[in-house]
Amino acid sequence: MELKRLEAVIEAILFTMGEAVELERIAAAIDHDEETTKKIIRNMMDQYESEERGIKIIELESAFQMCTKQEMYESIIKIAHIPKKHVLTDVLLETLSIIAYKQPITKQEIEAIRGVKCDHAVNKLVEYNLACEIGRLDAPGRPILFGTTEEFLRSFGIQSLEDLPVVHPEKVEDFKLEAEEEIQLKLDI
Amino acid sequence: MELKRLEAVIEAILFTMGEAVELERIAAAIDHDEETTKKIIRNMMDQYESEERGIKIIELESAFQMCTKQEMYESIIKIAHIPKKHVLTDVLLETLSIIAYKQPITKQEIEAIRGVKCDHAVNKLVEYNLACEIGRLDAPGRPILFGTTEEFLRSFGIQSLEDLPVVHPEKVEDFKLEAEEEIQLKLDI
Amino acid sequence: MSISFKLEAFEGPLDLLLHLIDKNKINIYDIPIVEITEQYLEYIQNMQTKDLDLMSEFLVMAATLINIKSKMLLPKDETKNETEEDPRQELVERLLEYKMYKYISVELKDRELDAARIFFKESTIPKEIEEYKEDVNVSDLLSDLTLAKLHKIFESVVKKQVDKIDPIRSKFGTIEKEEINLSTKINEIQEYGIKNKSFSFRGLLEKQANKMEIIVTFLGILELMKIGQVIISQDNLFEDIQITFIADRIAEFDESIVLN
């Protein structure tokens, strides 16, 4: 392999690994002895340093690691300061409403209601501190029970879950009637 | 900031974050509008591609991510641990193709095309983070609408949904001609 | 004609139909419905699967084919001026669409192989920067969500769940809960068959207590035909079907075939 190609391979390896990689392993990967490999990497270090680049290679004992240059920190902090816009998607809203009304509830039960997996949604709600674990169900596998948090109550300005608007049983009856009518329509065709 | 410096910052950001970073956030970090930022990144993509480098930048809808070049694969697997990939069966692939082309689409619509139940396939695709819920259809029962994810684009090397493989009209014509020639031998009713 | 492979290899009814069309080298736009229907039915008869859901999907397709076949055999209605649509049209469209997605999924698979050759990197945010991470602001998150809205969302979730329940079938509450075991029913039919040798299909169904039992009995007859325990005959269209038990002993059935 010609030098340029070897450099590319080393760049790819250091990038993927992220952490420090021992010289020995890099040498084995490019099929050259350690002495030659070290020379190639040192040469690369100079290149990264002299060119206007965002990344560089550092040497640690007999290992090498790729990292960002110090002077880039300020700009990277900006990215951290402009976090991804957190929004409550429809999926999250539905899941939250089910947890609020049906708590304590397991993921499996939420899935049964919505008909789709809910791991991601529940995890997000936990991350946002709107839902949390409130125990374990006494059943095989002891699944986690979820409920809403104090933060949830505070956000809606309510004292307790009893303050949640009530879902009237008649309403559910209405839904059933509607559904029956819809089916009847289908059968009439 | 001059161009070289901006490029260095973007390189540092993409390197540090590892994940796909939205154009919007990069633009905010380098303090330029999105149009200009996109031009700069596209130009960087060309540079990485043409120079003998181990890494490159890929575009995923309106986000960018840094990764290794394909031709580095053989060398990298000597060192890096390969993340376990989900094996996609033909059923999953077919279902995924339908979702990709027809999104937003409901389970019922997928079933109509494939002629078989698709609950299991869709749930698996959601679990693998290749498909996700993107809303509800405004129809009786408010069925869930599914679409593809960023991970889908990444896993299949697709820049954007416009970049999906297409069946060329000539190909369809070929299918037809082939069949027509062969039918001469068969009796029709 | 011997069937050299198992039907389970097919993903579904369209898959099987495509295979038959492929095998016969037939133009998809011009399916000789009679031939294909016969081959299709032959495959279904040889089906090894015990998955009733899957089986019923294949049967629906068979019924569709027979429906088209019968429409094509009927004389054209001369009184109608407008040109009638070829009954095969819809089927052809479905097949073509399915074929297209099958083709695309192969393309996608190819791309996946390529894409799997690139590596990404874990995010390695330096400590100094990590500390700058902002917490998620819950009140911003919930800014336009009111209790009333949350309540409405829950109602629509409940509505969706109710919609999923078939109000007609759900009224068979007590019957549904009762498990009717297909293998038990099959054995009953076999015992009946050994005693009576030849019996009426209609008569057999009339002996059943409810709709679910009738369905299970019907499935049982299909199953017995499949394994060659019985043969059926019918003199004329819409007449009663005569079932003849031709085996000399009762075939064993897997207890796992249970219909809920």
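Residue numbers start from 1 in every chain, and the chains themselves are labelled A, B, ... in the order their sequence lines are given, proteins ahead of strands. Keep in mind that the numbers below use all heavy atoms, side chains included, and drop hydrogens, waters and symmetry copies.
Contact detail for B/Val9 and A/Ser75: the closest heavy-atom pair is CG1-CB, 3.4 Å. Among all heavy-atom pairs drawn from B/Lys78 and A/Ala29, the shortest one is NZ-O, 3.3 Å. When all heavy atoms of A/Asp90 and B/Gly135 are compared, the pair lying nearest together is OD2-CA, 4.4 Å. What you find for A/Ala12 and B/Ile76 is that their closest heavy atoms are CB-CD1, 3.8 Å. A/Glu2 and B/Glu52 get closest at one heavy-atom pair: OE2-OE1, 3.6 Å. Of all non-hydrogen atoms in B/Ile144 and A/Arg114, the two that sit nearest each other are CD1-O, 3.6 Å.
A distance of 12.0 Å separates OG1 in A/Thr16 from CD1 in B/Ile77, rounded to the nearest 0.5 Å. B/Arg53 CZ to A/Lys4 NZ: the interatomic distance, rounded to the nearest 0.5 Å, is 9.0 Å.
Taking chain A as the reference chain and counting heavy-atom pairs below 4.5 Å, the highest number among B/Lys107, B/Glu71, B/Lys69, B/Met66 is found for B/Met66. In terms of heavy-atom pairs under 4.5 Å with chain B, the best-connected choice from A/Ala28, A/Gly18, A/Ala121, A/Cys67 is A/Cys67.
With a 6.0 Å radius and a threshold of 12 heavy atoms from other residues, nucleotides or ligands, B/Asp33 has its CG atom above the threshold. Within a 6.0 Å sphere centred on CD of A/Gln103, heavy atoms belonging to other residues, nucleotides or ligands number more than 12.
Looking only at side-chain heavy atoms (C-beta outward), A/His120 and B/Glu127 stay at 4.5 Å or farther from each other.
No part of B/Val122 comes within reach of chain A, as not one of its non-hydrogen atoms sits under 4.5 angstrom from that chain. Neither the backbone nor the side chain of B/Tyr73 comes within contact range of chain A; no heavy atom of the residue lies under 4.5 Å from a heavy atom of that chain. There is no contact between A/Glu51 and chain B, counting heavy-atom distances below 4.5 Å.
With hydrogens and angles disregarded, a donor-acceptor distance shorter than 3.5 Å links the side chain of A/Glu11 to the backbone of B/Gly54.
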